[in-house]
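Heads up: the structure comes next, in structure tokens.
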Amino acid sequence: MKQLRFLLFLLPLFLLPGCAAPADPAEETLCRQELLAMDTVMTLTVYGPSGQEAVHQGGELLRELESLLSVTDEGSEIYRVNHSGGDAVSLSEETRLLLSEALALCGDTGGALDVTIYPVVRAWGFTTGDYRVPEEAELSGLLEKVGYAQVTLDGSRLTLPEGVELDLGAVTKGWAGDRLMELFRGSGVTSAIVELGGNVQALGAKPDGSPWRVAVQAPEGGYAGVLEIVDKAVITSGGYQRYFEQDGETYIHIIDPADGRPARSGLASVTVVADRGVRGDGLSTALFVMGREKAEAFWRERQDFDFILLGEDGTVAVTEGLEDCFSLYGGWEGRPLEIIRK
């Protein structure tokens, strides 16, 4: 068995702590903080005179969100809900707002995203590293406890039937990116970018007015393409990010809530570009589960985001909103690039 993680990276990627005064007085001061939160390395990069305080507050915000939303921390609200035995639990406003968004996304995607899939993911070993292929009878039993419609949120009061468990991991980093952008704007920052375990989210453009350049990972390693963004979130879900092999079969960590098994949609990765990180985060998982045909239909109905699809067969397709800001890179440059139009 083996496990690999390949995510989105900034071009170029620097990991320098603290603030650096510009060599040219006309340039902006750069402040950067790297920290470990939500089981991943995160990097906050802020430009401007208020950058140092902004990145400090950003780090505190990430730790606060982790303390509320972790599925394994016994002190978190999500842990308390999952062990409530069916009793109602009062939520903080932060958790209530995120859960409301997550449930709306579950409904919008027809259950391709489902925040109650955690027991099934755990059965496959993706939460512990103790990988295994569950028996069909076990999966059938677990799936009886899966279904976002079983979640009752009445104001700040949350009730789960006994045995149903929440995991907001599919939207938490996107939510964190949105909250960081709010914090930075409130601090007077106009140029910043954050990497949250592969989620990339930008506030404004670079200080010189040029767009940020974000690399999209190729399934085999290296980069498949480069995306230029301003004021956007860029979030990828890929089958190559975490998986294990057993008896010659590969099992990826993205689980289809319909059958409780790793999604087999013909896609290697989905990268969503959206105004809000929480929506992009949830949709990257849901569209991967849907597969290309359903993903295209979903996009044509909503059109409030764009995406890049890398197929298992090596194909590349992007929605028309990215036609002028995405380009193939390196060994992928010679491949056909299909534009998905309305």
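For Ser284 and Ser237, the side-chain atoms include at least one donor-acceptor pair closer than 3.5 Å. Under the 3.5 Å distance criterion, with hydrogens and angles disregarded, no donor-acceptor pair is assigned to the side chains of Arg96 and Ser156. The closest side-chain donor-acceptor pair between Glu77 and Thr95 falls under 3.5 angstrom. Using a 3.5 Å distance cut-off with no hydrogens or angles, the side chains of Asp208 and Ser210 do pair a donor with an acceptor.
Of the charged side-chain nitrogens involved, at least one lies within less than 4.0 Å of a carboxylate oxygen, so that Glu338 and Arg292 count as a salt-bridged pair. A salt bridge links Arg132 with Glu138: the closest approach of a Lys/Arg side-chain nitrogen to an acidic carboxylate oxygen falls below 4.0 angstrom. By the 4.0 Å N-to-carboxylate-O rule, Arg264 lies too far from Glu312 to be salt-bridged with it.
Phe126 and His253 have perpendicular rings, their planes meeting at more than 60° on a 0 to 90° scale where under 30° would count as parallel. Using cut-offs of 30° and 60° for the angle between ring planes, the Phe305 and Phe298 rings count as tilted.
Residue pairs satisfying the salt bridge (charged side-chain N to carboxylate O under 4.0 Å, His left out) criterion with at least one member in residues 99-110, sequence neighbours excluded, are listed as follows: Glu101-Arg276, Asp108-Arg279, Asp108-Arg302. Counting only residues at least two apart or in different chains, ring-ring contact (aromatic ring centres under 6.0 Å, His included) contacts with residues 172-204 are absent.
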So Glu182 and Arg185, salt bridge (charged side-chain N to carboxylate O under 4.0 Å, His left out) or not? Walk me through it.
CA-CA 5 Å; Glu182 291 173 11; Arg185 287 189 185 95; over 6 Å; no
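Taking CD from Gln150 and CD from Glu144, the interatomic distance works out to 10.0 Å, rounded to the nearest 0.5 Å. Taking OH of Tyr243 as the reference point, atom OH of Tyr251 lies at 14.5 Å (rounded to 0.5 Å).
Residues Gln201 and Asp178 approach most closely at NE2-OD1, 2.9 Å, considering heavy atoms.
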